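Take a look at the structure set out below.
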Amino acid sequence: MDLWNLPTLELAKRLLGMELIHTNQQGTTSGIIVETEAYLGPEDRAAHSFGNRRTPRTEVMFHEAGTIYTYFIYGMHVCFNIVSGPIDKPEAILIRAIQPVNGIEIMKDRRGNIKKEVQLTNGPGKLSKSMGFSLEHSGLKMNECGICLKEKVAVPPQEIEAGPRIGIQYAEEAIHFPYRFWIKNNPYVSR
DNA sequence: AAGAAGATTAAA
DNA sequence: TTAATCTTCTTG
């Protein structure tokens, strides 16, 4: 897929409007990606891979584009990323929010008592739980483990907004980099 | 070997 | 505002 040859910032924008699909024994869940964040490897203080830091966890970021990178954070949550950039260039895109399309009942089942549909997937930890993503997916590749992407809605450039990323106050000069992208006026973006 | 902090969330 | 509580990095 030549999608994976795009520069990470371009890919982060291209992913908006695409449908992310996960099928396992419980069934199929899917949603439109409405919010992403780019993490640009060695030069990006906010990235896990800043300075080419290489550990069992970040190892996956050095793999080829299209590899799935999931990690555990705050002791309770899974975040779902797609590795981008060339091999040995540890860049990745964090999926922050999606808009549920299929398998909404399965999502509610996984999340427990959720009243509003929008609450299912409007944050990185939430969408991971709703979609059934776990640490076991880290290092696997898209299309090879029941997870895939599909072209869905074309999002024109004027419908895309950019701004600073969330939750990286420690990142000094990188705090203000406008590497977060979302679809304008979409109710399913986080916060 | 032990402690601190983090790409978060839900509940008070 | 805070608790929940896991992985990795830092320091001793």
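This structure is a prediction, so every number in the text was calculated from the model and none was measured. Throughout, protein chains are lettered first and strands after them, A, B, ... in sequence-line order, and every chain is numbered starting at 1.
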Atom-pair distance ([atom1] on [X]; [atom2] on [N]), nearest Å:
{"X": "A:Q119", "N": "B:dA10", "atom1": "CD", "atom2": "C1'", "result": "10 Å"}
{"X": "A:Y39", "N": "B:dG6", "atom1": "OH", "atom2": "P", "result": "13 Å"}
{"X": "A:I73", "N": "B:dT8", "atom1": "CD1", "atom2": "C1'", "result": "7 Å"}
{"X": "A:Y74", "N": "B:dA10", "atom1": "OH", "atom2": "P", "result": "14 Å"}
{"X": "A:L94", "N": "B:dG6", "atom1": "CG", "atom2": "P", "result": "16 Å"}
{"X": "A:Y71", "N": "C:dC9", "atom1": "OH", "atom2": "P", "result": "14 Å"}
{"X": "A:N52", "N": "C:dC9", "atom1": "CG", "atom2": "P", "result": "13 Å"}
{"X": "A:N122", "N": "B:dT9", "atom1": "CG", "atom2": "P", "result": "8 Å"}

Report the residue (A:M76 or A:L135) whose heavy-atom-nearest nucleotide on DNA chain C is the more 5′ of the two.
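Counting from the 5' end, the first nearest nucleotide belongs to A:M76.
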Hydrogens and angles aside, do [X] and [Y] bring a side-chain donor and acceptor to less than 3.5 Å of each other?
{"X": "A:T121", "Y": "A:Q99", "value": "no"}
{"X": "A:E91", "Y": "A:S84", "value": "no"}
{"X": "A:Y69", "Y": "A:H63", "value": "no"}

Which nucleotide in [options] has an atom nearest any side-chain atom of [X]:
{"X": "A:T55", "options": "B:dG6, B:dT9, C:dC9", "result": "C:dC9"}
{"X": "A:R57", "options": "C:dT8, B:dG6, B:dT9", "result": "C:dT8"}
{"X": "A:R111", "options": "B:dG6, C:dA4, B:dA10", "result": "B:dA10"}

Self-check item: A:R165 NZ/CZ over A:Y39 ring centroid, <6.0 Å and within 45° of normal
Solution: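 Yes, A:R165 lies over the aromatic ring of A:Y39.
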Below the 4.0 Å mark, does [N] have OP1 or OP2 next to a side-chain nitrogen or oxygen of [X]?
{"X": "A:R53", "N": "C:dC9", "value": "yes"}
{"X": "A:K126", "N": "B:dA10", "value": "yes"}
{"X": "A:R96", "N": "B:dT8", "value": "yes"}

Applying the Watson-Crick and G-U criteria (both distances under 3.5 angstrom) with [ ] for crossing and | for other-strand pairs, one obtains for DNA chain C ||||.||||||.
Query raised in the report: Which class fits the ring pair A:F133 and A:F80: parallel under 30°, tilted 30 to 60°, perpendicular over 60°?
Result: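 It falls in the parallel class, under 30°.
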Can you confirm whether or not the ring centre of A:F72 sits under 6.0 Å from the ring centre of A:H77?
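Not close enough - the centres of the two rings lie 6.0 Å or further apart.
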Base, sugar-phosphate alone, or nothing: which one does A:I166 contact when heavy atoms must sit under 4.0 Å apart?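 Sugar-phosphate contact only.
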Which atom names give the shortest non-hydrogen contact between A:A92 and A:T8, and what distance separates them?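 Closest approach of A:A92 to A:T8, heavy atoms only: O-CG2, 4.2 Å.
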